[in-house]
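Following: one structure in structure tokens, then a few remarks.
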Amino acid sequence: MPELPEVAAAALELTKAALGKTIAAVRPVHFAMKKKFPPADARRVKGRRIEGIERQGKHQLLRLDSGDTLVVHFRMNGDWEIGTTGEEIDRFARGVIELTDGTRISLIDSRALSSILLDREGSSSLPKLGMDANDPGLNAAHLKNVLARKKIGIKPALMDQAVLAGLGNIYAAEALWRAGIDPTRPASSVSPAKLAKIADSIRYVLSPEAAIPGRYTDGDTEGRFAVYGREGEKCRKCGTKVSRIVQAGRSTYFCKKCQRG
DNA sequence: CGACTCCTGACA
DNA sequence: TGTCAGGAGTCG
């Protein structure tokens with residue numbers, strides 16, 4: 001579920017629940033999580049105060065007063081569930097962060113692909129991240145720079161976190177549909193005029209006005225996307241059936257007629 | 001580049 | 001039973 005807007009909303013929830021508070025315990029619950037968060041890390045974070053919470057791309061960073069950073073990534077299905085230490089732990093909780101005031105923040109993830117890692121002061125496990133997809137500075141000139149020499153399709157290129165941080169499969173497809181761009185078009189071959197359309201479309205699909213109903217925004221989940229997940233259904237602009245292809249191992253939904261640019 | 005991996009649930 | 005899933009790292 002998480003792309004940039006969802007992760008941003010989750011980081012806000014986390015901030016409300018945890019900022020300024022002290023860690024009583026961080027416990028991996030699922031085996032896959034234990035592998036990446038050893039007991040030494042758990043001992044190290046206990047008693048530390050959470051001094052800041054930031055988002056970088058789809059990563060959430062918890063800055064501790066020790067200089068260490070807890071790095072959380074939701075991958076496909078992760079989400080926070082805020083509760084208290086008295087409650088029963090959710091069936092899908094893969095890790096929990098318990099605070100000394102009794103707050104328990106559970107990382108819920110049915111697939112258990114999420115991760116919580118500890119970066120010790122001075123080290124960072126974060127991969128290279130491009131400009132945030134939300135950044136007001138996102139424009140055609142910037143896209144031209146980061147996409148130069150990229151021969152892969154524009155859609156997988158936009159999903160490359162080193163190109164643009166935060167854009168994922170859904171919003172990449174939705175933005176390209178809005179911009180009328182063929183997702184398979186080699187990234188470096190897209191004209192500046194089209195790149196400007198893409199930048200505008202990304203800004204739009206990530207904006208609050210376009211807020212796609214889901215976990216954090218109310219609304220019907222039926223028909224919330226223009227093309228994503230709508231293979232065989234009618235394109236909202238022209239009525240042509242929406243196509244589905246696979247690019248870089250991921251489904252791409254698009255309209256063959258509207259997206260030729 | 002594609003293929004495979006990490007996991008588990010939902011659904012045809 | 002098989003396929004797919006809003007992510008991303010690794011490997012050949």
Side-chain angles (χ1 to χ4, degrees), chain A residues 1-11 28-37 55-60 71-80 90-95 106-117 119 124-130 132-134 147 149-177 183-189 202 205-206 210-217 219 221-232 242-254:
Chain A
M1 67 152 287
E3 283 197 37
L4 191 151
E6 292 81 18
V7 176
V29 174
H30 189 279
F31 179 69
M33 195 142 286
K34 292 182 185 179
K35 285 193 281 190
K36 301 199 160 192
F37 198 82
R55 177 188 63 76
Q56 281 185 31
K58 298 171 198 168
H59 305 264
Q60 292 174 76
V71 181
V72 178
H73 197 299
F74 282 166
R75 292 290 159 79
M76 304 277 260
N77 289 276
D79 198 3
W80 294 124
D90 189 281
R91 174 158 86 104
F92 296 120
R94 304 316 189 186
S106 302
L107 200 176
I108 308 294
D109 179 0
S110 60
R111 284 179 78 179
L113 293 173
S114 293
S115 59
I116 300 179
L117 306 175
D119 277 350
S124 171
S125 61
L126 285 185
K128 276 216 163 62
L129 295 172
D132 200 87
N134 261 349
L147 295 175
R149 295 178 301 282
K150 290 252 171 207
K151 291 172 191 165
I152 60 172
I154 181 69
K155 192 254 192 175
L158 291 174
M159 289 173 62
D160 180 347
Q161 301 298 295
V163 166
L164 209 52
L167 206 68
N169 203 26
I170 294 181
Y171 294 98
E174 295 293 303
L176 289 177
W177 175 80
T184 65
R185 175 116 211 191
S188 58
S189 78
I202 290 172
V205 300
L206 294 179
I212 292 175
R215 170 77 171 70
Y216 295 94
T217 46
T221 57
E222 223 26 58
R224 56 187 169 158
F225 304 130
V227 283
Y228 182 82
R230 298 188 62 235
E231 181 182 14
V242 171
S243 304
R244 171 183 174 266
I245 58 173
V246 174
Q247 291 181 282
R250 314 291 302 278
S251 288
T252 294
Y253 298 89
F254 70 110

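It should be emphasised that the depicted structure is a prediction, and the values quoted were computed from it without experimental measurement. Worth knowing before you read on, the calculation uses all heavy atoms, side chains too, and leaves out hydrogens, waters and symmetry mates. A, B, ... follow the sequence lines: proteins, then strands. Residue 1 opens every chain.
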Original post:
Is the shortest side-chain N/O distance from K151(A) to OP1 or OP2 of dC1(B) below 4.0 Å?
Top reply: no

**OP:** Send over the distance from F37(A) CZ to dC6(B) C1', rounded to a whole Å.
**Re:** 19 Å

**OP:** Compare side-chain N and O positions of H73(A) against OP1 and OP2 of dG7(C) and report whether any pair is under 4.0 Å apart.
**Re:** no

**OP:** Round to the nearest Å and state the distance from I116(A) atom CD1 to dA8(C) atom P.
**Re:** 17 Å

Subject >> Rounded distance (Å) that lies between atom P of dC6(B) and atom NZ of K36(A) >> reply: 12 Å

Original post:
Which of the following nucleotides, dC6(B), dG9(B), dG9(C), is nearest to the side chain of K35(A)?
Top reply: dC6(B)

Original post:
dC1(B), dT8(B), dG9(B): which one has an atom nearest the side-chain heavy atoms of H30(A)?
Top reply: dT8(B)

Subject >> First encountered from the 5' end of DNA chain C, between Q161(A) and R111(A) >> reply: R111(A)

Original post:
Among the nucleotides dC1(B), dT8(B), dC7(B), which one has an atom lying closest to any side-chain atom of A32(A)?
Top reply: dC7(B)

Subject >> Atom-pair distance (CE on M159(A); P on dA8(C)), nearest Å >> reply: 8 Å

Original post:
Counting side-chain heavy atoms from CB outward, which of dC7(B), dC4(C), dG9(B) is closest to R244(A)?
Top reply: dC4(C)

Subject >> Distance in angstrom units between N77(A) CG and dG7(C) C1', rounded >> reply: 10 Å

**OP:** Quick one: label S251(A) by what it contacts on the DNA or RNA (base, sugar-phosphate, nothing), any heavy atom closer than 4.0 Å.
**Re:** sugar-phosphate

**OP:** Using a heavy-atom cut-off of under 4.0 Å over every strand shown, decide if F31(A) touches base, sugar-phosphate, or nothing.
**Re:** nothing

Original post:
Given atom CD1 of I152(A) and atom C1' of dC1(B), what is their separation to the nearest angstrom?
Top reply: 9 Å

**OP:** Would you tell me whether K155(A) and T252(A) have side-chain atoms, one donor and one acceptor, within less than 3.5 Å of each other?
**Re:** yes

**OP:** Please work out if K150(A) contacts a base, only the sugar-phosphate, or nothing of the nucleic acid, heavy-atom cut-off 4.0 Å.
**Re:** nothing

Subject >> Between dA5(C) (P) and E231(A) (CD): distance, integer Å >> reply: 10 Å

**OP:** Sticking with atom C1', work out how far dG9(C) lies from dG9(B), rounded to a whole angstrom.
**Re:** 23 Å

Subject >> Of the listed nucleotides dG9(B), dA5(C), dC6(B), the one nearest the side chain of M76(A) >> reply: dA5(C)

**OP:** Select one nucleotide: of dG7(C), dA5(C), dG9(B), the one nearest the side-chain heavy atoms of Y253(A).
**Re:** dA5(C)

Subject >> Complement of dA3(B), any strand, by Watson-Crick or G-U distances under 3.5 angstrom >> reply: dT10(C)

**OP:** For dT1(C) versus dC7(B), give the span between their P atoms, rounded off to a whole number of Å.
**Re:** 22 Å

Subject >> Any side-chain heavy-atom pair of K150(A) and D160(A) under 4.5 Å >> reply: yes

Original post:
Which whole-number value in Å describes the distance from F92(A) CZ to dA10(B) C1'?
Top reply: 11 Å

Original post:
Given side chains that start at C-beta, do those of V72(A) and W80(A) come closer than 4.5 Å, heavy atoms only?
Top reply: yes

**OP:** Using the P atom as the reference point in each nucleotide, state the distance between dA5(C) and dA3(B) in Å, no decimals.
**Re:** 15 Å

Subject >> Selected nucleotide, minimal atom distance to E3(A) side chain, candidates dG7(C), dC6(B), dG9(B) >> reply: dG7(C)

Original post:
Of all the choices, dG7(C), dG9(B), dA8(C), which nucleotide is nearest to the side chain of R250(A) once you look at every atom?
Top reply: dG7(C)

